[in-house]
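Take a look at the structure set out below.
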Amino acid sequence: MDDRADHRGGELGEFLRSRRAKISPEQAGLTPAPTARRVPGLRREEVAGLAGVSVDYYVRLERGRAVNVSESVLDAIARALQLTGDERGHLFRVAKPVRSRPRPVPAQRVRPGLYRILDTLTEVPALVVGRRTDVLATNRLARALYTDFDALPQRERNMARFIFLHDEARTLYEDWEGVARTTVAALHLYAGEHPHDARLTELVGELSLRDRDFRTWWAAHDVERRTFGRKLFHHPVVGDLTLDYEALAVTGDAEQVLGIYTAEPGSASAQALALLASWSGEAAPRPRFTGS
């Protein structure tokens, strides 16, 4: 087994163990044994029984030693562990060995037309986010809401770095922990799709060294992709904002999303957003043809 297969096997085992620890026998429809349990969640033999596979085979899966795992077995394990759709997709990706030499991840480019769209959105914050939560482009209100990503060195234009390494982020979000954990879960999902992305490895290593929360949550192996929702902000200039967001796929690059934040019409948040637009003022257009 080569290094690439070892990496996938290790991720598979850690992911399975993390999911197994989250389910109690009662949740799985099992009668708990009268003796004290030495491990949280389900035992390996219980997962194997629920999935209809031998205990030895499931143990080999958790140790990353099983090869050519069938889709029917993965389906059964996903059902036994009550995985979400995102978790099931992650399981299938990390369970399949990488047989070809990984190719370098090409740089992402934002199309000029997309920049023009951002510039026309003058009443709502909008930004384009790419791989590993890299911030590829922003409009004026997004820079006023978060930070001026355009003014940062290109390496620092990353939402995960902003959330974990910028002090102002911890007060900007009303629920910083929830936002931060969701960001870690999205990065883990991306890691399953691009396990050999050197820049992801650098990012995870840096954040793990510099932030204990990130290190703890990365080890939890949660995976999730949110494409819409609501975030509560406490902005230092305009105060509280409750904004709904939509993450829209960009045609031509499935790994770019256009994120747009809106406020309920007539609400206090809509008034605060209008005040933020007035405060930020009109910025001169700048060439923002950057890649990541």
Exercise. Return the minimal non-hydrogen interatomic distance between Tyr245 and Thr227, and the atom names on each side.
Key: CE1-C, 4.2 Å
Self-check item: Rounded distance [0.5 Å steps], CD in Glu11 versus CG in Leu16
Solution: 9.5 Å
Quiz item: How would you list all residue pairs meeting salt bridge (Lys or Arg N to Asp or Glu O under 4.0 Å) that involve residues 233-255, not counting sequence neighbours?
Solution: Arg131-Glu255, Arg230-Asp244
Quiz item: Would a hydrophobic clustering, with Ile, Leu, Val, Met, Phe, Trp and Tyr connected at side-chain separations under 4.5 Å, put Leu141 with Trp279?
Solution: yes
Quiz item: Linking I/L/V/M/F/W/Y whenever any side-chain heavy atoms sit under 4.5 Å apart, do Leu12 and Val59 land together?
Solution: no
Quiz item: Any sub-3.5 Å donor-acceptor pair from Glu206's side-chain atoms to Leu203's backbone N or O?
Solution: no
Exercise. Identify the two heavy atoms, one from Ser18 and one from Ala220, that lie closest to each other, and give their separation to 0.1 Å.
Key: CB-O, 3.4 Å
Practice problem: Verify, without hydrogens or angle tests, whether Asn139 (side chain) and Asp119 (backbone) share a donor-acceptor contact under 3.5 angstrom. | Solution: no
Quiz item: Would you say Glu87 and Leu81 make side-chain contact, with heavy atoms under 4.5 Å?
Solution: no
Quiz prompt | Candidates Asp211, Leu187, Asp213, Leu207 - the one meeting side-chain contact (heavy atoms from CB on, under 4.5 Å) with Trp218 | solution = Leu187
Quiz item: Does the ring of Phe92 carry Arg88 above it, NZ/CZ under 6.0 angstrom from centre and within 45° of its axis?
Solution: yes
Practice problem: Start with the C-alpha gap between Leu241 and Gln271, add the side-chain angles, then the distance that decides, and say whether side chain to side chain contact (heavy atoms under 4.5 Å, CB included) holds. | Solution: CA-CA 9 Å; Leu241 292 147; Gln271 296 175 13; over 6 Å; no
Quiz prompt | Backbone of Arg17 reached by a side-chain donor or acceptor of Arg44 within 3.5 Å | solution = no
Quiz item: Does any donor atom in the side chain of Glu224 or His90 lie under 3.5 Å from an acceptor atom in the other side chain?
Solution: no
Self-check item: Contact summary for Ala247 and Arg226, nearest pair of heavy atoms
Solution: CB-O, 4.4 Å
Quiz item: Quick one: does Val69's side chain get under 4.5 Å of Leu61's, heavy atoms only?
Solution: yes
Exercise. Determine, stepwise, if the pair Gln256 / Val129 fulfils side chain to side chain contact (heavy atoms under 4.5 Å, CB included).
Key: CA-CA 6 Å; Gln256 287 187 32; Val129 178; over 6 Å; no
Exercise. Kindly determine whether Arg157 and Asp134 satisfy side chain to side chain contact (heavy atoms under 4.5 Å, CB included), including the steps that lead there.
Key: CA-CA 6 Å; Arg157 300 173 194 173; Asp134 287 342; over 6 Å; no
Quiz prompt | Pairwise side-chain contact, Val257 with Val250, heavy-atom cut-off 4.5 Å (strictly under) | solution = no
Practice problem: Taking all heavy atoms of Arg132 and all of Asn158, pick out the closest pair and write down the distance. | Solution: O-ND2, 2.6 Å
Quiz item: To the nearest 0.5 Å, what is the distance between OG (Ser24) and CD (Glu46)?
Solution: 10.0 Å
Quiz item: Which heavy-atom pair separates Val94 from Gly192 by the least distance, and what is that distance?
Solution: CG1-CA, 4.2 Å
Quiz item: Any idea how His221 and His188 line up, ring-wise: parallel (<30°), tilted (30 to 60°), or perpendicular (>60°)?
Solution: tilted
Quiz item: Does Val237 belong to the same Ile/Leu/Val/Met/Phe/Trp/Tyr cluster as Leu275, with side-chain heavy atoms less than 4.5 Å apart forming each link?
Solution: yes
Practice problem: For the residue pair Thr262 and Leu243, establish whether any side-chain heavy-atom pair is separated by less than 4.5 Å. | Solution: no
Quiz item: Just by modelled atom types, is the Arg212 backbone N or O under 3.5 Å from a matching donor or acceptor in the Trp217 side chain?
Solution: no
Exercise. For Tyr146, check side-chain contact (heavy atoms from CB on, under 4.5 Å) against everything at least two apart and list the hits.
Key: Phe149, Met159, Phe162, Leu172, Tyr173, Lys231, Phe233, Tyr261
Self-check item: Reported CG-to-CD distance for the pair Leu276 and Glu123, which is rounded to 0.5 angstrom
Solution: 12.5 Å
Quiz item: With side chains defined as the heavy atoms from C-beta onward, is the minimum distance between Tyr190 and Thr133 less than 4.5 Å?
Solution: no
Quiz item: Which one of Thr138, Leu145, Ile260 satisfies the side-chain contact (heavy atoms from CB on, under 4.5 Å) criterion with Leu127?
Solution: Thr138
Self-check item: Donor-acceptor under 3.5 Å (Thr201 side chain, Asp197 main chain)
Solution: yes
Quiz prompt | Min side-chain heavy-atom separation Arg143-Asp150 under 4.5 Å | solution = yes
Exercise. In sequence, state the C-alpha distance, the side-chain angles, and the governing distance for Val110 and Leu118, and then conclude on side chain to side chain contact (heavy atoms under 4.5 Å, CB included).
Key: CA-CA 11 Å; Val110 177; Leu118 285 176; 5.7 Å; no
Practice problem: Would you check if the side chain of Arg63 reaches a backbone N or O of Gly10 as a donor-acceptor pair within less than 3.5 Å? | Solution: no
Quiz item: Between atom CG of Leu189 and atom CG of Asp222, what is the distance when rounded to the nearest 0.5 Å?
Solution: 11.0 Å
Quiz item: Are a donor atom and an acceptor atom from the side chains of Ser70 and Ser72 found within less than 3.5 Å of each other?
Solution: yes
Quiz item: Considering only heavy atoms from C-beta outward, does the side chain of Leu200 approach that of His194 to under 4.5 Å?
Solution: no
Quiz item: Taking C-beta and beyond as the side chain, do Leu232 and Asp175 meet within less than 4.5 Å on heavy atoms?
Solution: no
Quiz item: Which heavy atom of Ala80 sits nearest a heavy atom of Leu42, and at what distance?
Solution: O-CD1, 4.5 Å
Quiz item: Do side-chain atoms of Asp86 reach the backbone of Arg225 as a donor and acceptor pair under 3.5 angstrom?
Solution: yes
